[in-house]
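Comments concern the structure below.
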Amino acid sequence: AYQRSGPLLASGDQSGGIQLWEPARSKQPLVAKQGPFAITKLAWSPDDKRLAVADEQGNVACFELQSA
């Protein structure tokens with residue numbers, strides 16, 4: 001899922017991995033987290049500052065981007 005107005009791409013996978021990428025700058029993820037269940041849905045907030053992540057067990061987590 002790409003941000004609406006930013007350069008970031010969020011991805012999730014069947015092993016529970018969540019990655020945050022900036023494809024225009026690097027082929028490596030900026031951030032990677034590992035969860036216990038397959039990721040089924042990713043959605044950015046309208047202001048592109050938070051990312052909601054859902055897994056196959058029905059859990060939902062919200063991550064807030066921190067300025068560097």
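Throughout, numbering of the chain's residues begins at 1 and tracks the sequence.
- Contact of the Leu20 side chain with the Phe63 side chain is not registered, since no non-hydrogen atoms from C-beta on lie closer than 4.5 Å.
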Scan the side chains in residues 3-11 for donor-acceptor partners under 3.5 Å anywhere in the protein, sequence neighbours excluded, and list what turns up.
residue, atom, partner, partner atom, Å
Gln3, OE1, Leu8, N, 3.1
Gln3, NE2, Asp48, O, 3.0
Arg4, NH1, Trp44, O, 2.9
Arg4, NH1, Ser45, O, 3.1
Ser5, OG, Asp48, OD2, 3.0
Ser11, OG, Gln19, OE1, 2.8
Ser11, OG, Trp21, NE1, 2.9

Would you be so kind as to tabulate the donor-acceptor pairs closer than 3.5 Å made by side chains of residues 24-33, with sequence neighbours excluded?
residue, atom, partner, partner atom, Å
Ser26, OG, Gln28, N, 3.0
Ser26, OG, Gln28, O, 3.4

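- Among residue pairs with one or both ends in residues 50-66, those qualifying as salt bridge (charged side-chain N to carboxylate O under 4.0 Å, His left out) are Asp47-Arg50; sequence neighbours excluded.
- Scanning for side-chain contact (heavy atoms from CB on, under 4.5 Å) contacts around Ala54 gives Thr40, Lys41, Val60, with sequence neighbours left out.
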